[in-house]
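Structure first, then comments.
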2 protein chains.
Amino acid sequence: MEREKKPAAAQGLELLRTKGYKITPQRRAVLEALDGGEQFPTAQQVLEIVRKQQPDVSLDTVYRNLTLMVGLGIVHEIYRSAGNAYEMVEPGHHHHHLVCTACGKTECIDICPMNKIYEKEAEKRGFLVTGHVFEFYGLCWSCRSKLAKK
Amino acid sequence: MEREKKPAAAQGLELLRTKGYKITPQRRAVLEALDGGEQFPTAQQVLEIVRKQQPDVSLDTVYRNLTLMVGLGIVHEIYRSAGNAYEMVEPGHHHHHLVCTACGKTECIDICPMNKIYEKEAEKRGFLVTGHVFEFYGLCWSCRSKLAKK
DNA sequence: TTCTTAAATAGTAATTTTACTATATGCTTT
DNA sequence: AAAGCATATAGTAAAATTACTATTTAAGAA
């Protein structure tokens, strides 16, 4: 049964094409893995999903394309001590994350502090802002409970 | 000639002691390396500085202590594609950074968007915020010029 | 000071991420 | 449809980061 293509992956492909990047089966697969699969996969998990369809894809290719897509704003990268996570950027749903430093649990928070003032401040210094990272680190409910019991 | 101890490093040691962590020569050296040496050193660079005084210190020890200090808010970690950078947190000078994705150049920007509203929003979800990351990524003046010339 | 003990370390291994190179392939032009 | 070419890939190597274990050591108690 053919899986329906989600809009975010399609828009990602369109942007790649517009920017002059080639549309390869590997790139399609990476985008589809992010779109269809589980939330916040690591690079390894993306590779595993991709290999179900294309067994010969290399880890290097996954990393190279994730990095490219992060740079283009198609994909969001979440820094975590035990393996970074990736997430498809849903157009019109810009947001950030709560990351538990104990168990790695990651969830969205619909907040963003970015504004023109900040960008102008950077521009004054000759800096062209192409992206930003804003994440909360701390303890999720489950880990707070466990630590309190000690 | 005895080097004068800087206040930030001293406060870091004090916090470690308060929290029950042991004061080891390695921890002193890591703090002094961050305080005295060059700006935004990588873990490798911290190790090199530390080894000038204590040649047998292991890389593991440097990483372990940097991570500990980041968790305690003594040290700030800056995520960069080619090697993360570290910075002593100067009490009373909370700030964030501009990071050039082309050359890695890093500079401070005296801005922070964190506020009570955000923390309360996280608390509603059972999440205890212990830290946050807010960084700008883009191109510095020098790299913008080089890319324009192509 | 000496003793005790939990925490920290050095050394090493494992994992994650990035870099390199020869080959293959998507895209444009013919 | 075929050719040319710059880009992308697989495979591998290198570098950065995290984890593991036996030994050492800082800090409090006797």
Side-chain angles (χ1 to χ4, degrees), chain A residues 12-31 33 40-48 50-51 53-72 74-75 77-86 99 101-104 150, chain B residues 12-31 33 40-48 50-51 53-72 74-75 77-86 99 101-104 150:
Chain A
L13 283 176
E14 186 53 36
L15 182 59
L16 284 173
R17 200 189 321 267
T18 303
K19 293 273 184 179
Y21 294 99
K22 294 178 181 172
I23 306 305
T24 64
Q26 293 87 343
R27 283 181 176 157
R28 286 180 186 278
V30 167
L31 283 169
F40 311 123
T42 63
Q44 277 291 344
Q45 290 171 320
V46 170
L47 179 68
E48 283 161 26
V50 165
R51 281 189 170 165
Q53 305 300 327
Q54 305 178 45
D56 290 340
V57 171
S58 72
L59 183 56
D60 172 89
T61 291
V62 169
Y63 269 112
R64 187 164 18 76
N65 285 312
L66 285 174
T67 301
L68 171 67
M69 293 171 189
V70 168
L72 292 175
I74 299 172
V75 172
E77 181 172 20
I78 299 158
Y79 300 100
R80 295 190 308 195
S81 59
N84 291 348
Y86 298 87
V99 180
T101 50
C103 70
K150 283 202 318 184
Chain B
L13 284 174
E14 186 53 35
L15 182 59
L16 283 173
R17 200 188 319 268
T18 303
K19 293 273 184 177
Y21 294 99
K22 293 178 182 174
I23 307 305
T24 65
Q26 293 88 343
R27 283 179 176 159
R28 286 180 187 279
V30 167
L31 283 169
F40 311 122
T42 62
Q44 277 292 344
Q45 290 171 321
V46 169
L47 179 68
E48 284 162 25
V50 164
R51 280 189 172 167
Q53 306 298 329
Q54 305 178 47
D56 290 339
V57 171
S58 71
L59 183 56
D60 173 88
T61 292
V62 169
Y63 270 111
R64 188 164 16 78
N65 284 312
L66 286 174
T67 300
L68 171 67
M69 292 171 189
V70 167
L72 291 175
I74 299 170
V75 172
E77 181 172 20
I78 300 159
Y79 300 100
R80 294 189 309 194
S81 60
N84 291 347
Y86 298 87
V99 180
T101 49
C103 71
K150 285 202 313 182

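A, B, ... follow the sequence lines: proteins, then strands. Residue 1 opens every chain.
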So if I take every side-chain heavy atom of [X] and compare against [options], which nucleotide ends up nearest?
X	options	answer
A:Val57	D:dA10, C:dA10, D:dT17	D:dA10
B:Tyr63	D:dT17, C:dA8, D:dT9	D:dT17
A:Ser58	D:dA10, C:dG26, C:dT9	D:dA10
A:Leu59	C:dA8, C:dA19, C:dT17	C:dT17

Base, sugar-phosphate, or nothing for [X], non-hydrogen atoms under 4.0 angstrom?
X	value
B:Pro25	sugar-phosphate
A:Asp56	sugar-phosphate
B:Ser81	sugar-phosphate

### Query
How about B:Arg28 and B:Ile23: do any of their side-chain heavy atoms sit closer than 4.5 Å?
yes
#### Entry: Option among A:Asn84, A:Val99, A:Thr42 that satisfies the side-chain contact (heavy atoms from CB on, under 4.5 Å) test with A:Ile78
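Result: among A:Asn84, A:Val99, A:Thr42, A:Val99 is the only option passing the side-chain contact (heavy atoms from CB on, under 4.5 Å) with A:Ile78.
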Provide, to the nearest angstrom, the distance between the [atom1] atom belonging to [X] and the [atom2] atom belonging to [N].
X	N	atom1	atom2	value
A:Tyr21	C:dG26	OH	C1'	15 Å
B:Arg28	C:dA8	CZ	P	15 Å
B:Leu47	D:dT17	CG	P	12 Å

